[in-house]
Amino acid sequence: MSTFFTVTKKELQDHFNSWRFMVLLFVILAAITYIFFAAGNIKSAATGASDFIFLSLFTATAIQTSTSLIPSSFLSLMAVLLPVAGIILGLDAINSERNNGTLSRLVSQPIYRDNIINAKFTAGIITIAIVLLTIVLLVSAMGLRMLGVPPSIEEIWRLFFFLVIGIIYGGFWLGLAILFSTLFKQVAVSAIVTIAVWLFFVVFYPIIYISIANMISSSTQAEAIKNAEMVINLTRLSPIQLFNESMAVLLIPQMRSASQLLQIFSTDAGNYLLTTPLSLAQSLIAVWSQITISIVLTTVCFALSYIKFMFEEIRSL
Amino acid sequence: MVMIETNQLTKVYGHTTVVDNVNLKIDEGHIFGFLGPNGAGKTTTILMLLGLTSPTSGTAHISGFDSTREALKVKRIAGYIPERVGFYNDMSAKQNLEYTANLNGIFGQKANQGVSKALEDVGLKDRAEEVVAHFSKGMKQRLAIADILVKQPKVAFLDEPTTGIDPAGITQILDLISHIAKSNNMTIVMSSHQLSQIQRVCSHVGIMSKGHLISAGSIEQLSKQAGDNKVVIEIQLAEATADIVEAIKNLPGVIGVEGETNSLNITCNEDLRRQISKVISDKGGLITQMKLQSYALEDVYMKILKGA
Ligand SMILES: Nc1ncnc2c1ncn2[C@@H]1O[C@H](COP(=O)(O)OP(=O)(O)OP(=O)(O)O)[C@@H](O)[C@H]1O
Ligand SMILES: [Mg+2]
């Protein structure tokens, strides 16, 4: 067994024994309760949907709210909870060990430094995967009882890709949190900065691109499409938007990605297309670029953590 | 055999040279004391030797391995107790050491035995299952020594292992250090601000100040270099009669005798322990303890401290 597995194992044990896991458990319970209380709404919405009844369990509006800050469906709940999980698991990965004086001891053992970061990331990803899988299974079980309709094979596949993308999304925030924990010596600072970045994308970034969209005036249709495209690309700089878009396309088969919609409208290809669901392969192709960008973003977080951590001098004070 | 060797080892931070062309050689099995005031560059030198920071210029080798280019090999044979050593507070002493064992490729039964043995050696066997958060500073320091023993290294670097520990604890730790060095044939480098502690366990010493290695060698050698060879011999007698004191005073080479009741401090030109014990036994006295102290080295060190 290599040192990588040794560290991963220890980090996993840490996660499962710590207050973080208690927080995550609480989050799971909250999610389940949420679905439970919204059961009535979901049931009526689900039975209204023609195909893909099972999937509508995850996407149906469960609670009508007037503010966009309260997640209205399971999917939007996950869009909030996954970053929280990633941030909680990663926010003190390196700096707490540094402050504790354990990092000095750890790096003086025969272990490559990149293994330390890799192992911490892997343990976080495994924890996120376990939590997400548990939530999806619990919701599915509840859905089975409520609806009495089992998922189709395609729905299972779509749920599987939902899991994969959800884990990548959680992984991005985990990577970002680990990066800040290597950059800042104090846990409080790295935590605040990570949360600030998240809040920026949740609250302020939409304000920015909405005002930009409002400012642009376009006289011709071609110009309007060009401007719309620009705004769409702007929204894609936000990891939250990337997640929302790819999730919606995967779990709502009728859904096209924003840029596809634009194409459809601009070519006048017809409104009927909008009502036919995409095949799984078409949906995947539609979200491929979003997935790639998410992975690239996560990799960038890593590269930066490595550069900072690999050659850094680690003193015990 | 040379175990630790540096060649023109230099570290520069910004515009300050913190370690300046240090050439050091430490033989296998020696306990080497690294003396110097705050900021002398001791920790930085140790970090470069362990491959935890890279030298600006020059080289460091441990057991023939280059500390920078073969850092992993060096870390396999070298143990390290940092200045402010830490453990995972929510894990037990045993779990902490088992983690170290695993990181060094020791698993299962073998790890278990190694950990138990190490905890026993440092006197923490009864506290093995206890969470480290409850440990005192002294216990943590002993746990750190156990942490090194688990690894069975050839060389160990102990950075100020006695700071923040009470006098009884210091004695315990210093005894432990001499003991593990002997029983494992380990080469030990131990840094400290205090000459008295270094003199108690180290055979060799290096004095560092402002990044320069001012002198290095065996303690006797350095005392001689330091100029006059005045030594003070401390003895404890069962009964110090006036007769005995008079006889000692008359020995050639003895400069002065002072002391109260049964303990005497004898200042002499050279190490006269043999002659003194002979005189005492001739007069029918009984020596219960005898210790040699060289103040010459202390003078040198004090001068360096004042200059710093
Ligand atoms: N990362 C750094 N950047 C700049 N200067 C540093 C850095 N680390 C240490 N120094 C300086 O290097 C000098 C030597 O430090 P070092 O820790 O090696 O001394 P030391 O002999 O171990 O002292 P002490 O007895 O206080 O532990 C100090 O003056 C310190 O301020
Ligand atoms: Mg130091």
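Residue numbers begin at 1 in each chain, while the letters A, B, ... track the order of the sequences.
Within a 6.0 Å radius of CD in A:Gln186, no more than 12 heavy atoms belonging to other residues, nucleotides or ligands are found. Atom NZ of A:Lys308 is surrounded by more than 12 heavy atoms from other residues, nucleotides or ligands within 6.0 Å.
The closest donor-acceptor contact from the side chain of B:Lys75 to the backbone of A:Ile111 lies at 3.5 Å or more, if one exists at all. Between the A:Arg315 side chain and the B:Thr43 main chain, no donor and acceptor come within less than 3.5 Å of each other.
With B:Tyr99 as the aromatic partner, A:Lys9 does not meet the cation-pi criteria of under 6.0 angstrom to the ring centre and within 45 degrees of the ring axis.
For B:Asn89, the part lying near chain A is the side chain, with the backbone staying farther off; criterion is any non-hydrogen pair under 4.5 Å. Only the side chain of B:Leu47 comes within contact range of chain A, with at least one heavy atom under 4.5 Å from a heavy atom of that chain. When heavy atoms are compared at a cutoff of 4.5 Å, A:Tyr112 approaches chain B by way of both its backbone and its side chain. When heavy atoms are compared at a cutoff of 4.5 Å, A:Leu103 does not approach chain B at all. With a 4.5 angstrom heavy-atom cutoff, A:Gln13 does not touch chain B via any of its atoms. Neither the backbone nor the side chain of B:Ser54 has a heavy atom closer than 4.5 Å to any heavy atom of chain A. At a 4.5 Å heavy-atom cutoff, the contact between B:Lys151 and chain A is made by side-chain atoms alone. Using a 4.5 Å cut-off between heavy atoms, A:Asn17 does not touch chain B at all.
The structure places CG of B:Asn102 at 11.0 Å from OG1 of A:Thr3, a figure rounded to the nearest 0.5 Å. One distance of note links CD of B:Glu98 with OG1 of A:Thr6; it measures 12.0 Å at 0.5 Å rounding. Taken to the nearest 0.5 Å, the OG atom of A:Ser108 stands 8.0 Å off from the CD1 atom of B:Ile148. Separating the CG atom in B:Asp90 from the OG atom in A:Ser18 is a distance of 8.5 Å, to the nearest 0.5 Å.
Near-neighbour residues of residues 168-175 of chain A relative to chain B, defined by a heavy atom under 4.5 Å from a heavy atom of that chain, are none. Of all residues in residues 4-16 of chain B, those placing a non-hydrogen atom less than 4.5 angstrom from a non-hydrogen atom of chain A are B:Lys11, B:Tyr13.
Ranked by heavy-atom pairs under 4.5 Å with chain B, the list A:Glu97, A:Arg105, A:Glu312, A:Gln109 is led by A:Arg105. Among B:Asn104, B:Val85, B:Asp159, the residue with the largest count of heavy-atom pairs under 4.5 Å with chain A is B:Asn104.
Across every non-hydrogen atom of B:Leu72 and A:Pro110, the tightest pair is CD1-C, 3.6 Å.
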Does the side-chain contact (heavy atoms from CB on, under 4.5 Å) test come out yes or no for B:Thr53 and A:Ile314, once each step is laid out?
CA-CA 8 Å; B:Thr53 188; A:Ile314 290 162; over 6 Å; no
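Applying the side-chain contact (heavy atoms from CB on, under 4.5 Å) criterion to B:Ser192, with sequence neighbours excluded, gives B:Gln194, B:Gln197, B:Ile198.
With a 4.5 Å cut-off on side-chain heavy atoms, A:Leu106 and B:Tyr88 count as touching.
Note on residues 46-74 of chain B: no pairs pass ring-ring contact (aromatic ring centres under 6.0 Å, His included), not counting sequence neighbours.
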